[in-house]
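Numbering starts at 1 and runs along the sequence shown. Every number for a ligand or one of its atoms is a count from 1 in the order of the listing.
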Amino acid sequence: MAQRRNPKISGRDNSQRIDVTVKSGAGKSPFDADAFANERDGSVNIANVAVDRHVVDGHADQVALIWLGKDGDRRELTFGDLKDLSCRFASVLRDHGLAKGDSVFVLMGRVPELYACALGTLRAGMVFTPLFSAFGPEPIRTRMEIGGAKVLVTTAAIYKRKIAEWRDQITSLKLVLIVGDDAPEGCVALGPELAAASPDFAPVHTAPEDPALIHFTSGTTGKPKGALHVHNAVAYHAFSGRHALDLQPGTIFWCTADPGWVTGTSYGIIAPLVNRVTMIVDEAEFDLDRWYATVQNEKVEVWYTAPTAIRMMMRAGAEAAAAYDLSSLRFLASVGEPLNPEAVIWSEGVFGQPFHDNWWQTETGGIMIANQPGMTVKPGSMGKPMPGIVAGIVARENATLRELPDKEIGELALRPGWPSMMRTYLHEEARYQKCFVDGWYLTGDLAMRDADGYFWFIGRADDLIKTSGHLIGPFEVESALIEHEAIAEAGVIGIPDETAGEIVKAYVTLNPGFEPSEALEREVRGHARKRLGAAVAPRAILFRKSLPKTRSGKIMRRLLKARELGLPEGDISTLETDET
Ligand code: AMP
């Protein structure tokens, strides 16, 4: 069993402080952007780097993935198995006439086929595009349209419930593969196809800058954004997996994120496999006892999870953890939302070490700021920029930016240049270009850097909502709400919640002929759940006579939120309507 590290929390034991962070911007970048380029032809294919390379090096029999089914099944897949399965999946795609660059959408729970599909798609030079399986029909359809989906891999139940009705509207769609042995009409069952497909499929030649992944993320206005990432991202996944999460060959690692979100792909598939770890995949949703039992039984060494789950652990108390032997854990990390300082301190008491917070986003493709292994942890801080990553706090001044000194709050910005950075927003180059000003990439987050170079998250600079680690665009929710015949206008905000970080709340006005009532509230909430899925739909809907709007007619979500929270209303000079 791995040795526990000697964690250091600021204000406690600083006596042996080791700071592994190089000074931002100093010297040559510590990550090698050409680390995985093929010497002969310069190609980089993520599947080759994540799987085949290890098989060639003699590790075909090492367990790559331990799958825990929600009904108690346990299955081990070796690197050799992943190679075989991903070759078969790539062969299926080829046999159906699909070609390099085609986008393969995946909409299913955490089942082994998902991993075969991710690696097989990349192997075939196609673009892996995962969606969260709890999305409702509307977010799925919008994303498939934007992404020009050629293939959809899903389950029969999801297909029938959420897709069959509008499938024909996605004119790009050529193939729907259904996990299992049977498929509804117009779809193809994946099981028999995989069994019959060739297990030999050499990774397609992909240049380092060839598209590999699309991750959708929400926008404050307009449609969701498809952030495009390239094969060479793998160089940064490998580096950050090692240096932010301490992944070593053979490490037993559990990233609890779903691959429908970027964390579940970058650090739930690519970074672990590239670093030749054994990763745990749990099909089931959060269940505290199951989680502790999994850590105990599988001897998890590195655990990467999210603040919402950590807060639920805290709520269950130290006694719940004490019932299990969790001594295999040697590094704990958290991402996705602000991690409360109490949670960091609590975890040191209960697990013998703090949760190490780190920060990044869909666009950056990998961890940018982290409490790295060996670093003194300041509870409540996201840590310091990763080696080779230059982060700053800036203020916008007309068309330029001013870098702010330590301790001032401003927008968190990064100097672009690492391999896993997005290369565009699909079909929205102008929206992408707007993220870059004066040589900085603007993250949309507000933060502060202290005198020791640690970064502290303050909040979002925009209206996006983070609920249970999932980024929700208010516009998408508002659009679904106003589809209901009773709703005239909608304004959607996130309000603080002890467990989920934020919850989605909607303010609506009604069309003539409709009156506010509990029954109508329930009906509209039901409509939103059906359209958007439970993860995205508002938890509460409030009826208003009117909503605060600017003179140009934009609903002022900021003002709705200030009023909800009893905060100062700030600048309301552009306010037009104000009757609540
Ligand atoms: P996503 O693109 O869905 O991964 O969401 C990225 C956003 O989540 C960031 O821009 C932040 O607003 C938030 N976020 C991610 N990690 C952290 C963190 N460690 N602390 C606070 N907020 C975070």
Side-chain angles (χ1 to χ4, degrees), residues 130-132 134-135 139 143 213-220 224-229 240 244-245 255-268 304-311 332-341 343-344 354-372 377-386 389 391 393 409 411-414 420-422 425 432 435 441-449 454-474 476 494 496 500-502 504 535-536:
L131 296 181
F132 188 40
F135 275 155
R143 285 160 179 77
L213 309 155
I214 295 168
H215 287 294
F216 280 93
T217 183
S218 298
T220 339
K225 302 172 281 189
L228 179 73
H229 297 272
S240 54
L245 300 176
C255 168
T256 62
D258 187 276
W261 305 96
V262 70
T263 304
T265 298
S266 292
Y267 297 98
Y304 193 25
T305 188
T308 300
I310 299 167
R311 287 191 287 267
L332 306 176
S334 163
V335 72
E337 316 153 54
L339 181 63
N340 326 46
V344 177
F355 266 98
H356 294 69
D357 189 17
N358 59 54
W359 177 97
W360 58 292
Q361 47 182 203
T362 302
E363 286 84 346
T364 70
I367 298 168
M368 296 282 106
I369 295 178
N371 288 283
Q372 296 163 60
V377 173
K378 289 196 189 189
S381 162
M382 309 186 286
K384 294 184 180 184
M386 290 288 288
I389 298 298
I393 302 294
I409 295 174
E411 189 163 352
L412 176 61
L414 302 162
S420 68
M421 178 59 173
M422 66 167 168
Y425 288 130
Y432 167 75
C435 303
Y441 162 68
L442 293 165
T443 66
D445 281 356
L446 297 175
M448 194 260 306
R449 180 182 46 214
Y454 283 73
F455 283 71
W456 300 75
F457 181 81
I458 305 291
R460 296 267 335 167
D462 53 30
D463 294 333
L464 293 182
I465 302 162
K466 252 290 154 111
T467 178
S468 299
H470 305 146
L471 199 66
I472 310 272
E476 201 168 12
E502 284 187 301
V504 180
V536 182

(message) For the residue pair Thr217 / Tyr425, report whether a side-chain donor-acceptor contact shorter than 3.5 Å exists.
(response)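 No - no donor-acceptor pair under 3.5 Å links their side chains.
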(message) Please tell me whether Thr308 and Glu337 have a donor and an acceptor in their side chains that are separated by less than 3.5 angstrom.
(response)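 Present: a donor and an acceptor within the cut-off.
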Are there any protein N or O atoms under 3.5 Å from the N or O atoms of ligand 1? List them with distances, or say none.
residue	atom	partner	partner atom	Å
ligand 1	2 (O)	Thr362	N	2.8
ligand 1	2 (O)	Thr362	OG1	2.6
ligand 1	5 (O)	Lys466	NZ	2.9
ligand 1	8 (O)	Gly336	O	3.4
ligand 1	8 (O)	Lys466	NZ	2.8
ligand 1	10 (O)	Gln361	NE2	2.8
ligand 1	10 (O)	Asp445	OD1	3.2
ligand 1	10 (O)	Asp445	OD2	2.9
ligand 1	10 (O)	Arg460	NH1	2.8
ligand 1	12 (O)	Asp445	OD1	2.9
ligand 1	12 (O)	Asp445	OD2	3.0
ligand 1	12 (O)	Arg460	NH1	3.2
ligand 1	14 (N)	Gly336	O	3.3
ligand 1	16 (N)	Gly336	N	3.2
ligand 1	19 (N)	Asp357	OD1	2.8
ligand 1	19 (N)	Asp357	OD2	3.4
ligand 1	19 (N)	Asn358	O	2.7
ligand 1	20 (N)	Glu337	O	3.3

(request) Determine the minimum heavy-atom distance between Pro224 and Glu476, stating which atoms define it. (result)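 Taking Pro224 first and Glu476 second, the nearest heavy atoms are CG-OE2, 3.8 Å.
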(message) Quick check on the 6.0 Å ring-centre criterion: do Phe135 and Trp261 meet it?
(response) yes
(message) Which residue is it: Thr364, Thr443, Asp445, Asn371? I am looking for the one with a side-chain hydrogen bond (donor to acceptor under 3.5 Å, both in side chains) to Trp359.
(response)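 Of the listed residues Thr364, Thr443, Asp445, Asn371, the side-chain hydrogen bond (donor to acceptor under 3.5 Å, both in side chains) partner of Trp359 is Asp445.
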(request) Please determine which of Leu446, Leu412, Ile458 meets the side chain to side chain contact (heavy atoms under 4.5 Å, CB included) test together with Ile393. (result)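 Among Leu446, Leu412, Ile458, the one that satisfies the side chain to side chain contact (heavy atoms under 4.5 Å, CB included) with Ile393 is Leu412.
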